[in-house]
Amino acid sequence: MPEEVKKKRITDVGPHDYHDYLSPMIKKNYGKWAYHEILDPGTMVHIAENGDKLYTVRMGSPRLVSSSFVRDICDMADKYCGGYLRFTTRNNVEFLLEDEKNVEPLKKDLDKLGYNVGGIGNIVANIVHTQGWVHCHTSASDASGVVKSVMDELYEYFVEEKLPSKVRIAFACCLNMCGSVASSDIAILGTHRKPPKINHERLVNLCEVPSTIAACPTNSIRPEMVGDKKSVRVNEETCVFCGSCYTVCPAMPIADAENDGLSIWVGGKVSNARTKPTFSKLVVPFIPNEPPRWGKAVQAVKTILEAYKKGAEPGERVIEWIERIGWSRFFKITGFEFTKYHVDDFRLAEATMNYSSHARF
Amino acid sequence: MPEEVKKKRITDVGPHDYHDYLSPMIKKNYGKWAYHEILDPGTMVHIAENGDKLYTVRMGSPRLVSSSFVRDICDMADKYCGGYLRFTTRNNVEFLLEDEKNVEPLKKDLDKLGYNVGGIGNIVANIVHTQGWVHCHTSASDASGVVKSVMDELYEYFVEEKLPSKVRIAFACCLNMCGSVASSDIAILGTHRKPPKINHERLVNLCEVPSTIAACPTNSIRPEMVGDKKSVRVNEETCVFCGSCYTVCPAMPIADAENDGLSIWVGGKVSNARTKPTFSKLVVPFIPNEPPRWGKAVQAVKTILEAYKKGAEPGERVIEWIERIGWSRFFKITGFEFTKYHVDDFRLAEATMNYSSHARF
Amino acid sequence: MTDETKKKLEDKIIGLVKEYAGKKRFKPIDIVKEMEKEFAAEGVSKEDIKGALKEIMDDGKLVYGYAGGSFLALPE
Amino acid sequence: MGKKHETPLLDELKKGKWISFVKEMERAAEKSERTEDLLGQVEESYRDKITHWKHGGMAGVKGYGAGMVGRFSEFPEKYPGVKECHSIRLNQTSGFFYNSDVLRKLADIADQHAGGLFNFHGSTGDIQILGLTQADAEDLFQKSAELGFDLGGSGSDLRTPSCCVGPARCEFANYDTLQICYDLTHAFQDELHRPSFNYKFKMKFSGCANDCVAAASRSDLAFIGTWQDNIKINQNEVKNYVKKFNVQKYVLDKCPTKCMWFEGENLVIDDSNCVKCMHCINEMPRALKSGDQKGLSILIGAKAPLVTGPRMGMMLIPFYDVHEDSKNDYEWLKGLISNMWEFWDEYGVSRERIGELIARVGLVTFLEGIGLEPTIDMVKEPRSNPFIKFEDEEAGAE
Amino acid sequence: MGKKHETPLLDELKKGKWISFVKEMERAAEKSERTEDLLGQVEESYRDKITHWKHGGMAGVKGYGAGMVGRFSEFPEKYPGVKECHSIRLNQTSGFFYNSDVLRKLADIADQHAGGLFNFHGSTGDIQILGLTQADAEDLFQKSAELGFDLGGSGSDLRTPSCCVGPARCEFANYDTLQICYDLTHAFQDELHRPSFNYKFKMKFSGCANDCVAAASRSDLAFIGTWQDNIKINQNEVKNYVKKFNVQKYVLDKCPTKCMWFEGENLVIDDSNCVKCMHCINEMPRALKSGDQKGLSILIGAKAPLVTGPRMGMMLIPFYDVHEDSKNDYEWLKGLISNMWEFWDEYGVSRERIGELIARVGLVTFLEGIGLEPTIDMVKEPRSNPFIKFEDEEAGAE
Ligand code: SRM
Ligand code: SRM
Ligand code: SRM
Ligand code: SRM
Ligand code: SF4
Ligand code: SF4
Ligand code: SF4
Ligand code: SF4
Ligand code: SF4
Ligand code: SF4
Ligand code: SF4
Ligand code: SF4
């Protein structure tokens, strides 16, 4: 009997074959698309070599969605596009229509249901983000709430094309950076400012000392005997509050209601178009957590976005704009303060210095 | 009596006041020059705000010169420019003439004496160099001989303006780089390829072990007891043959007749004009010493120079040319081989990697 | 690998995890490296050890834990 | 139907024009007591400004070491529905393509066995279902598997590979991102489900240098489509673009190598200097197309900041003709990846990603370890320090 | 007069068009047996492909710890003239200006007390006289000092400062390089002659960003002239240049920040974006001049490769109005330099140049140590890793 059960159990089947979910027109023109046109921030059309036209209607999503949401979009897909749809790499929903006549009715229906159509072209893209207080144990802030607050404020930039180029915003609730924070046009990062508090009793039972020590980027953890058991000590002079030790050792919690918050970063980019990919750079070292609407953080993002909108030339990503005008002007225009926290002091810090007499006054 | 002697002894008088050696026209127009014109590779004129004209005739020098050379140029200065002359930061001699009529006669006289007039404008500048076998104990090659051999070959580029921009060549006979090797358009560097040989008997008496250990860039030196005395051991697996240990400890000679030679570097630049200053980068890891004329090294330099001459646009320094065409093309054009030695593996190696999909085929 | 060796191998792996429970976390790769050495004489390959691990897991004798990296653990 | 928990702070997040995750949670809560309690606990976090999840905890599917993340509430009494509140990762389809039929079935599963809540998708690419207990795991897993949806990665394993929409709906794709993603995921099922690495390993596939799946910054191996020959120019279409916008300023002047110019009305490209950045093609898709010798570049080593700082993918293989290989079931690629894993197994230490290992041992050592030669495109420029490790008498000699 | 030593290899270096150092040595050898022997020993090096100098050795001037480099032959019997063959460094004049009178006197000194050989000049800037013995030192020193030529630096001291020709003969100079070089050298005589630092310390002065004394790559402190206000444009002269060459291509397109353009025939510069690189001024010296608020930038930390790799000077002080200070005898600058030396004394280790110290302790720590605030121009860009060392509750808060 148990043998039989074992046999029936399905494992290692891997992902479903995507071919099953490609619409007929996509199957036919697979690899044979000729070009595309963006019709409006919610709609684009891909024209195949043979002239076939595939319309895409893109709809915003909070990513954390209910089964009802899923059924809603299924209804729409059934009604307008033979049931075919996809998600984007930034968690938007895309309806794939073969018939142009369905485009406007679909958009109206989505609007009626309260969904947001947009996100194509030179817009603020949907915010790549993470779990936050909804599901993670190491978060220095909530994720979905900050994202919602920012997107409410920047809503017009999702549904209308008003920007010099695409602006990708990302959010991560801790330095693990499960979101694309390390390389986004604007990034918001959950940030601790206090060293971990060690619970020695738990530590000696729960944690492996060598791997806890190895987890620290600044070598701030040293072994320490507590009674006759091996625990650790944190050098608070050098600890940079990264939380890496907590990840490997539950007995070193670092979250701190009063001292956790957000930092803001700009100028990251992943595409190789024109310039090489580059990391996001620090702008605002710290803003306290202000649930439920994170006013100051939202304002900081908006300040950056509007300075960019005003200053950048068409086609310039945020970093291209900043590098053209210079970082000193960026700080001047946005009013953020340049502090000692902005000067890199980690591994490749030396590579970030200004080895020249080039300066702007 | 000794008191008196002591009093008479002159110390700490510092350098001579330069005002004593400025010609009347220079004194008058000090800080009031309006512009200059390069008349030919040996001559330029600086025009003052008041219209005064100061002619400069530049003459090459091997830098290692006899008192007779000094008297020769004094004679010339007396004859043509009131005795006033100067040296340049690259060791050329400059005669400073107030009277245009003296320019050509001076040049003729210099020519008669066998001196080289040139070095202004888009030329190969005089080679900044060092002591070599003439006076230094750590040299991996001679200095003056290599420089002479290269300048003989490139002579036309000193006396005629045939290049897209200035080309600065530098030579240093060891990794101490007393020449400007780390940041020259083309650089030649004396290079060892064997670890130091330790003379333990001398070492224990002559050298300080901790500072010897500290001198090593790759942490290859470890203390070792020889009998009851402290000596050191070199890890030959990690030694990079830099000679730094020999500098602090005479008992660790590194020069090796069979294995010493030269490496060739390109693309350094110090000026901030247009682009930031940048280091020279490795092209040819090693060429054996070939006194007296160092044929292969001279050819390598010439290959680079001619590729540059052919490929660069007017005004482009060597590095600007290479960065425009790409390093892969540079290696292709010049025929030098890219090897594992070209991949940086030192302190900031990571900063030299290609973090992008940009590539040329 | 003989059935006997296989049994020995499995017991050894489970024994190790038991013995060090709460002291050391074994990554599967540590176990594989360790067992490769230990059973070198018996001609046990990396693949054999991985296979054995898979079976131990499938049988629920050990489970995977996670704390900044996966490790082998006793089922709760 | 009254609310189980008051959520005045979260209610603020139902306002505004952007679609509200709180409303989504409430919709799920209508059918799920678990999600009702989840709302309660999140509201408490909003009040306290701190997470209320315990650190980790065991949860999983039998025989698998990956695909589920255990999550336990700090307040199991107060919020019994989230005493256990795990998430499970289902391996998404290549390119995130679905139809309504399968999505409805997945919705049913999430309602039956979890909190009726999804992440479509997780940051790595998985479909995440939230709010299951250990007791739900086997059924949820088996029902999904029956639909053809196996679990994704987690822990020290191969993480769920993902790819851009590629040839399915993009004219820029230089290779079949969907197929290779699908094929390699299937080939490496064992590595995906049974963590046996030093740490996680991610692979992402983008059809061109635009990198729409952000592979270069988020995956240990990033596969970026490119081409080796010349950009194909349709001069008539160029002329049309010239009428529409300032092509000189917005295209030519922005080419990173300035390798394009006009000769008369004709656009000329010095392709030997083109770095395949995609910019000109992006701007003039009707006029320019990538060449015929298409393939991919492989970048290695990207990762998040911990422990040694953030890393971007660095060039490992400038060009690989993946089409050739696909006939052989991507044999060469699989071999290469296996070689890397072996090197990593051998020389990596615990929790060290492959990019960190390469930084530690040096690129050349790594290349030797996996059997590749160094090439100039791997570096921005040759070394500038003179500390060359010559290896034998002949070493480095001209 | 026959040769003392046969030098067939060196004789090869008398051929060719470039002026020959071998001939120069022979000219000196005519008057100096020492230099005859020097030729013999160098020939032997040419044969053996190795240096024949012993490592270092003691030599010096009483009361001074610097200014002479001791050099002893490996073959004192064979070449008795170079048993001792030291070199002495005389502090050159600012801008390397001389007249025939003083040069002749120096030539006499070199003939009388050394091998009649010079380096005009050493790489640091000194006049070097080669081939003296310890016995010659005092006389040579005193005779030079009488001429007003004191010794230069060597060892762990302040090295002889040097400067570009500057306002003496260059229209680009933004401050008086000669004067400041002269003044600071005098102010720091003790530091120059009596080594008391951890290692050497170099200062070089360039009047503008062209950096004709290569300060940015060869001195611990590089002083580079610059200006704070607007470039002065003579539009008529601009028009003349436009007639002569392609100003757009060779000037505007090469401006690193692209902050210049034409409005009609007029050249416009967005000076707030100008980084004072000098390029446009270099190309059109009759049309463009630096502004009225002239001063200098200070770059710190350049040095040769050993021990931690080559370093280029990095921006420490973007703008300092040195003219103001010159009225006060460069008081502020001297204070700043002293502060740096104190920090270096305190925290540096033996043989650690100041650039290496800064790299080790971090720029911010160094700035705090010497009393300066960080500014954005010191860095290429703000940090990209998130390992921020917040210092107190309020730290970093908006
Ligand atoms: C649908 C999607 C791919 C997918 O598999 O899901 C996609 C689709 C397209 N991308 Fe993308 N990109 C998508 C994510 C990305 C990402 C990844 C990300 O944002 O995380 C990037 C890299 C971002 C970065 O650099 O930081 C990306 C960088 C680009 C670029 C380069 C832009 C640039 O100049 O830097 C282009 C070219 C362009 O826009 O001209 C491009 C172009 C396009 C085109 C025009 C390609 C085509 O011909 O179909 C598609 C429509 C563009 C649009 O949305 O305006 N796509 N694209 C992704 C939509 C995400 C979303 O919902 O917003
Ligand atoms: C005489 C000298 C200064 C001195 O105090 O002795 C000097 C003098 C002038 N330099 Fe220089 N430079 C002198 C060494 C340098 C150096 C240092 C070096 O070579 O070691 C540099 C930096 C080199 C580098 O970047 O690697 C230097 C980078 C420049 C530049 C920037 C060139 C560029 O585009 O990168 C200019 C501007 C130009 O040439 O248009 C310049 C321009 C000038 C001008 C035109 C300035 C003027 O108006 O008087 C002078 C004549 C130029 C010529 O020789 O063609 N000078 N110049 C030096 C002559 C050395 C020699 O004998 O060859
Ligand atoms: C669910 C997800 C975030 C999300 O909301 O989408 C996630 C969630 C977690 N990540 Fe992540 N990571 C997720 C994508 C990422 C990404 C993005 C990516 O894969 O493209 C990254 C950055 C890229 C990278 O891997 O470098 C990422 C970098 C990390 C790290 C840092 C790893 C590193 O080497 O620095 C950790 C720490 C760890 O593994 O110990 C981490 C750890 C975690 C843990 C397991 C927390 C922990 O310390 O144990 C989180 C579980 C949260 C929860 O309660 O569910 N997560 N994590 C993403 C996976 C969903 C999916 O499978 O699709
Ligand atoms: C004479 C001179 C070369 C020349 O031919 O012109 C020279 C010669 C020596 N240098 Fe130098 N250096 C000379 C300018 C330089 C420069 C260039 C400069 O100052 O602009 C540098 C590179 C810049 C720098 O300082 O970083 C330079 C970097 C070194 C180093 C490496 C220092 C470092 O921090 O990496 C050493 C090693 C040491 O000091 O122990 C060194 C050591 C030496 C010693 C003393 C050899 C030793 O190991 O003891 C050489 C004595 C040779 C001799 O027999 O006369 N020399 N040295 C230059 C001084 C003449 C003068 O006073 O004008
Ligand atoms: S970013 Fe940090 S807190 Fe947020 S989901 Fe990832 S691991 Fe958890
Ligand atoms: S929080 Fe980070 S820096 Fe501080 S002790 Fe833990 S691992 Fe180290
Ligand atoms: S470069 Fe080296 S060998 Fe040459 S003079 Fe300087 S210290 Fe001596
Ligand atoms: S030669 Fe250089 S690398 Fe080798 S032991 Fe000496 S100091 Fe170290
Ligand atoms: S990466 Fe390239 S091929 Fe893939 S979707 Fe983006 S633009 Fe298209
Ligand atoms: S793809 Fe990029 S590099 Fe190549 S020609 Fe176009 S813009 Fe230039
Ligand atoms: S650095 Fe500037 S001021 Fe000095 S000589 Fe060169 S161009 Fe003239
Ligand atoms: S000085 Fe340089 S940065 Fe300034 S305008 Fe001229 S070229 Fe541009």
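Bear in mind the structure is a predicted one, so any value in this text is a computation, not a measurement. Lettering of chains follows the sequences in order, A, B, ..., and the numbering in each one begins at 1.
Heavy atoms of D:Ala110 lying under 4.5 Å from chain A are absent altogether. Interface remark: A:Ser183 contributes side-chain atoms only to the contact with chain D (heavy atom separation under 4.5 Å). For A:Arg347, the part sitting under 4.5 Å from any heavy atom of chain D is the side chain, from C-beta outward, and nothing else. Neither the backbone nor the side chain of A:Asp344 has a heavy atom closer than 4.5 Å to any heavy atom of chain D. Contacts between D:Cys170 and chain A at a heavy-atom distance below 4.5 Å involve the backbone alone (N, CA, C, O). Heavy atoms closer than 4.5 Å to chain D are found in the side chain of A:Glu313, but not in its backbone. Within the 4.5 angstrom heavy-atom criterion, only side-chain atoms of D:Phe141, from C-beta onward, approach chain A. Both the backbone and the side chain of D:Leu178 have a heavy atom closer than 4.5 Å to some heavy atom of chain A. For a residue to count as touching a neighbouring chain, one of its non-hydrogen atoms must lie under 4.5 Å from one of that chain's; by this rule A:Met59 does not touch chain D. When heavy atoms are compared at a cutoff of 4.5 Å, D:His121 approaches chain A by way of both its backbone and its side chain. At a 4.5 Å heavy-atom cutoff, the contact between A:Thr278 and chain D is made by backbone atoms alone. In this structure, the portion of D:Leu147 lying under 4.5 Å from any heavy atom of chain A is its backbone and not its side chain. Both the backbone and the side chain of A:Pro314 come within contact range of chain D, each with at least one heavy atom under 4.5 Å from a heavy atom of that chain. Both the backbone and the side chain of D:Cys85 have a heavy atom closer than 4.5 Å to some heavy atom of chain A. For D:Asp111, the part lying near chain A is the side chain, with the backbone staying farther off; criterion is any non-hydrogen pair under 4.5 Å. With a 4.5 angstrom heavy-atom cutoff, A:Asp20 touches chain D only via backbone atoms. At a 4.5 Å heavy-atom cutoff, D:Arg47 makes no contact with chain A through either its backbone or its side chain. Looking at A:Thr247, the atoms closer than 4.5 Å to chain D (heavy atoms on both sides) sit in the backbone and in the side chain alike. There is no contact between D:Ala173 and chain A, counting heavy-atom distances below 4.5 Å. Interface remark: A:Tyr246 contributes backbone and side-chain atoms alike to the contact with chain D (heavy atom separation under 4.5 Å). Using a 4.5 Å cut-off between heavy atoms, A:His19 does not touch chain D at all. For a residue to count as touching a neighbouring chain, one of its non-hydrogen atoms must lie under 4.5 Å from one of that chain's; by this rule D:Ser350 does not touch chain A. With a 4.5 angstrom heavy-atom cutoff, A:His46 touches chain D only via side-chain atoms.
Between D:Leu9 and A:Pro291, the closest side-chain pair of non-hydrogen atoms is not below 4.5 Å. The shortest distance between side-chain heavy atoms of A:Cys249 and D:His55 does not fall below 4.5 Å.
In terms of heavy-atom pairs under 4.5 Å with chain A, the best-connected choice from D:Lys249, D:Lys23, D:Gln179, D:Lys303 is D:Gln179. When each of D:Arg194, D:Lys276, D:Glu283 is checked for heavy-atom pairs under 4.5 Å with chain A, D:Arg194 comes out on top.
Shown here are the salt bridge (charged side-chain N to carboxylate O under 4.0 Å, His left out) partners of A:Arg168, two or more places apart in sequence or in another chain: there are none. Shown here are the side-chain contact (heavy atoms from CB on, under 4.5 Å) partners of D:Phe72, two or more places apart in sequence or in another chain: D:Lys54, D:Glu84, D:His86.
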Audit row: D:Asn210, A:Ser271, side chain to side chain donor-acceptor pair (under 3.5 Å) steps and yes/no:
CA-CA 4 Å; D:Asn210 285 330; A:Ser271 87; 5.1 Å; no

Derivation of the side chain to side chain contact (heavy atoms under 4.5 Å, CB included) call for A:Gln131 and D:Trp53:
CA-CA 12 Å; A:Gln131 297 296 327; D:Trp53 298 109; over 6 Å; no

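Judged by distance alone, with hydrogens and angles left aside, the side-chain atoms of D:Glu12 form no donor-acceptor pair with the main-chain N or O of A:Pro292 at under 3.5 Å.
Using a 4.0 Å cut-off between charged side-chain N and carboxylate O, A:Glu94 and D:Arg169 make a salt bridge. The residues D:Asp211 and A:Lys269 are annotated as not salt-bridged, no charged nitrogen and carboxylate oxygen being separated by less than 4.0 angstrom. Salt-bridge check for D:Lys17 with A:Glu156: failed, with every basic side-chain N at 4.0 Å or more from each acidic carboxylate O. By the 4.0 Å N-to-carboxylate-O rule, A:Glu37 lies close enough to D:Arg286 to be salt-bridged with it.
Residues of residues 96-104 of chain D lying under 4.5 angstrom from chain A, judged on non-hydrogen atoms, are D:Phe96, D:Phe97, D:Tyr98, D:Asn99, D:Ser100, D:Val102, D:Leu103, D:Arg104 in numerical order. When the heavy atoms of residues 124-131 of chain D are compared with those of chain A, the residues falling under 4.5 Å are D:Gln128, D:Leu130, listed by number.
The closest side-chain donor-acceptor pair between A:Ser211 and D:Arg351, if any, does not fall under 3.5 angstrom.
Aromatic ring centres of D:Tyr46 and A:Trp294 lie closer together than 6.0 Å.
The aromatic rings of A:Phe87 and D:Phe120 sit parallel to each other, their planes meeting at less than 30°, with 60° as the upper class boundary.
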